[in-house]
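Here's the structure, in structure tokens; my notes come after.
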Amino acid sequence: MSGQLALGMSGPGARIAGEAASYLQGLNPEQRAAVTAEDGPLLVLAGAGTGKTRVLTTRLAHILLTGRARPHEVLAVTFTNKAAREMVERVEGLIGRSVAGLWLGTFHAMGVRMLRAHAELVGLKPGFTILDADDQERLAKQIIQAAALDERRWPARALVAIIQRWKDRGYRPDQVPAVEVGDFALGKGIELYRAYQERLLTLNACDFGDLLLHGLTLLTGNPDLLAQYQRRFKAILVDEYQDTNVAQYLWLRLLAGGHKNITCVGDDDQSIYSWRGAEVGNILRFEQDFPGAAVIRLERNYRSTGHILAAASGVIARNRHRHGKTLWTEGEAGELVRVAGLWDDEEEARFVADEIEAWQRRGGKLTETAVLVRAGFQTRAFEERFIQVGLPYRVVGGPRFYERAEIRDAIAYFRVVCQPDDDLALERIINLPRRGIGESTLKALRTAARAAEVSLLQAARAMSQTDELPTRARNALVELIATFDRWRAELGEKSPRELAETILDESGYTAMWKAEHSPDAPGRLENLKELVKAVQEFDTLPGFLEHVSLVVENATEPDADLVTIMTLHGAKGLEFDNVFLAGWEEGLFPSQRAIDEGGTKALEEERRLAYVGMTRARRRLTISFAANRRIYNQWSSSVPSRFIDELPPEHIEHLHRNPATRPDLGSFLDDEPFRARSTSRFRTQRVEGAKLIEGRAEILQTRPVGRSGAFKTGERIFHPKFGYGRIEAIDGNKLDIAFEKSGRKKVIDSFVEPA
DNA sequence: GGATTGTGTATTTTT
DNA sequence: TACACAATCC
């Protein structure tokens, strides 16, 4: 655990030197050049599927094994915990021992590590808490309220977004340039930002952005410290460099400022997080930032077949702002990329499900199959269809474990126990379950706390000794404070797991969910059990909290044979044999909203997203679009995505279901005037009551709308999607139906026919 | 202090 | 349509 590697040419070192050749074997010339490049700035432009992670980890191992740096002298940063974990595993596999001591982790984790050691230099105490998105928003809300602004006009969410943006760019309140001020809150944005930061300091807390921003303040404000870190980190390695924001870039540049021994790996064509503050400019500008930088391109793709690669390359080649790479493969050409046009989102889901079943019958694995969509709402149609045909699937994304309300509530309890002055956590659970401490009591507490400049809990403690509050509230408060004191006394005595159980029990939190009869209550109780189990892995409760704030992950699912459904963003870094890219329609993909907000730049990012999606596929790629889609229960018809036009024709084949080639639908879709008429190439048009009926896919059936009164309660009906059912209640044209297979649902009468 | 009704909104989300 | 939140009533 010393973190020291035995290096040298004798003893254990000789064994390592003997293996040196082995870890370089199997690398192609470019990969090998990247791994063994001498000290100095190095940019590795690694196209999709070209062995990026392998190069990065092998280079790290190479640096250690050749003695250029010892583990604690290496800083390696990633964006996700997953990537960090993978890197640790692979490096350990390469060097054959633990890499303890290495500074390897996410930007944020490395930021915290530095900040904990020097918290007082930026006005924090070492035990500071890290706020998540939820806390941030509530804090912002308080700031807006304190400034007497209209909360509806200037929502907290927007303020958080603005502050986040400034932090991503490395601006402290006094550094925000005038042009960036904007008109939020009548130009008071900076004032609010300042108030927000002051409040964070009094709470002894940081938000995610601060983890890096304070890091910058730390390094720029303390030259000795900077010099110390510059000497310490003899090698810096960065993964996914195209996703770095300005703050991260500045942080890296400071740390690498001495020796400039920095390796950045990335792919400008896969930059899809600009809306999160990522600056493609960082990677495009690397050679100017680090003069004399070596640039190595990895262009040999080991993942996809020829047609897939060529189709993806053809699309991305339309982007103007990029380094430019020419991916190639020695693999087989494989199948053509298939393009299918469907009538509506339901037919699209049906089509995909059919294709997956056929693939499975031919021996394909579901785990090797993914359906990738642009926006979350698109998953629904697929889920419904997959359930109907019994196709096992999982939706990746969704609410993550540590973001679920019950988990956050439980953690808020733990936080108050560990950090009594954590006001945000206390506010979250002070009246949960209900214990008679309502809004008016809370208001009084807040006022008192602010006046005395103490924390909420301290104010509550003081107030519970006076008779300022109504007896009811006062008693509840006395009781709560005593309970928290008791738990806190048990911190050192009980194991974290026992304590966690005690807290959830004695607070009445578990009981609250047990008493609740909503359908998701059992699931929530299950999650709480999972949480307690997770606590077990840690020596102390505070230790657990530190982990939670930085690692937001879903519980690992059993590795069953499942189809994966997820967003294109979520798919970055993954690969599958068989990939479906659904919903390629103007307006949806590329997203009209993105284009409205970001113009050409945004369109290029959408195109990169298309590229990312396409390059996820190893053997088979199917792109689909629907002529009609129901959005908020309104039918709208759309035009195929321009990205479909951009697919090189020689690498694709149109499936017959494409409406543009179908005589019955083609007349309106293929109609040039129709396309010309639409101002933004995306237009919507209501198609009232037009609907396809299961099993009669080729017939466009139109039925009358609003048959109110035509049905009677108790009547047996048939619905094309949910099957047979009985009408329980009628409300205008909405029927409340108990379906035999799908349970109780409210549906519009026009979709229902008498059985 | 708590339940109920009404209103506005609706991408992507590594930490 | 659905859901979350806020104003409103009891």
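Here is the naming used below: chain letters follow the sequence lines, and residue numbers restart at 1 for every chain. These figures come from a predicted structure and were not determined experimentally. All values below were derived from every heavy atom in this structure, side-chain atoms included, with hydrogens, water molecules and symmetry-related copies excluded.
Between the CD1 atom of A:I631 and the C1' atom of B:dT9 there is a distance of 15 Å, rounded to whole Å. Atom NZ in A:K601 sits roughly 22 Å away from atom P in B:dT12 (whole-Å rounding). In this structure, A:Q136 places its CD atom 13 Å from C1' of B:dT13, rounding to the nearest Å. Remark: P of B:dT14 and CG of A:D239 are 16 Å apart, rounded to the nearest angstrom. Atoms CD1 (A:I272) and P (B:dT11) sit 18 Å apart, rounded to a whole Å. Atom pair A:D150:CG and B:dT7:P shows a separation of 17 Å (rounding to whole Å applied). When the C1' atom of B:dT11 is taken as reference, atom CE of A:M566 falls 17 Å away, rounded to whole Å. Atom CG in A:L609 sits roughly 10 Å away from atom P in B:dT13 (whole-Å rounding).
Between A:A109 and A:L442, the residue anchored nearer the 5' end of DNA chain B, judged by the nucleotide with its closest heavy atom, is A:L442. Place A:D243 and A:E439 on DNA chain B by their nearest nucleotides, and A:E439 ends up nearer the 5' end.
Using a 4.0 Å heavy-atom criterion, one finds that A:R434 contacts the sugar-phosphate atoms exclusively. Among the atoms of the strands shown, base atoms are found under 4.0 Å from some heavy atom of A:E597. Using a 4.0 Å heavy-atom cutoff across all strands shown, A:G376 reaches sugar-phosphate atoms only and no base atom.
No hydrogens or angles considered: a donor-acceptor pair under 3.5 Å links the side chains of A:E605 and A:S274. No side-chain donor from either of A:E479 and A:N475 sits under 3.5 Å from a side-chain acceptor of the other.
Proximity of a side-chain donor or acceptor of A:R474 to a complementary backbone N or O of A:S464 within less than 3.5 Å is detected.
Checking the phosphate oxygens (OP1, OP2) of B:dT15, a side-chain nitrogen or oxygen of A:N81 falls inside 4.0 Å. Put simply, A:K443 has no side-chain N or O that comes within less than 4.0 Å of OP1 or OP2 on B:dG1. For A:R276 and B:dT15, the shortest distance from a side-chain N or O to OP1 or OP2 is not below 4.0 Å. An OP1 or OP2 oxygen of B:dT11 is reached within less than 4.0 angstrom by no side-chain nitrogen or oxygen of A:S591. Between A:T80 and the phosphate of B:dT15, there is no side-chain N or O to OP1/OP2 separation shorter than 4.0 Å. Close to B:dG2, at under 4.0 Å from its OP1 or OP2, lies a side-chain N or O of A:N431.
Of the candidates B:dT13, B:dT15, B:dT11, the closest approach to any side-chain atom of A:H569 belongs to B:dT13. Taking only side-chain atoms of A:T106, from C-beta outward, the nucleotide of B:dT11, B:dT15, B:dG2 with the closest atom is B:dT15. Listed nucleotides B:dT13, B:dT11, B:dG1 differ in distance to A:T441; the shortest reach to its side chain belongs to B:dG1. Proximity note for A:T567 (side chain, C-beta onward) versus B:dT15, B:dT14, B:dT13: the nearest is B:dT13. Listed nucleotides: B:dT11, C:dA6, B:dT13. Nearest to the side chain of A:K141: C:dA6. Nearest to the side-chain atoms of A:Y273 among the listed nucleotides B:dT13, B:dT12, B:dT15 stands B:dT13.
With centroids closer than 5.5 Å and planes inclined by less than 30 degrees as the test, A:F107 and the base of B:dT15 fail to qualify as a stacked pair.
Between A:W275 and A:Y273, the angle of the ring planes lies from 30° to 60°, which puts this pair in the tilted group. Taking the six-membered ring for Trp and thresholds of 30 and 60 degrees, A:F589 and A:F643 have ring planes more than 60 degrees apart, a perpendicular arrangement.
Put simply, CD on A:E240 and OG on A:S271 are 10.0 Å apart, with the number rounded to the nearest 0.5 Å.
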Set out, in order, the CA-CA distance, both residues' side-chain angles and the distance that settles salt bridge (charged side-chain N to carboxylate O under 4.0 Å, His left out) for A:R608 and A:D269, then state yes or no.
CA-CA 6 Å; A:R608 290 194 289 268; A:D269 291 335; over 6 Å; no

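Separating the P atom of C:dC3 from that of B:dT12 is a span of 16 Å, rounded to the nearest Å.
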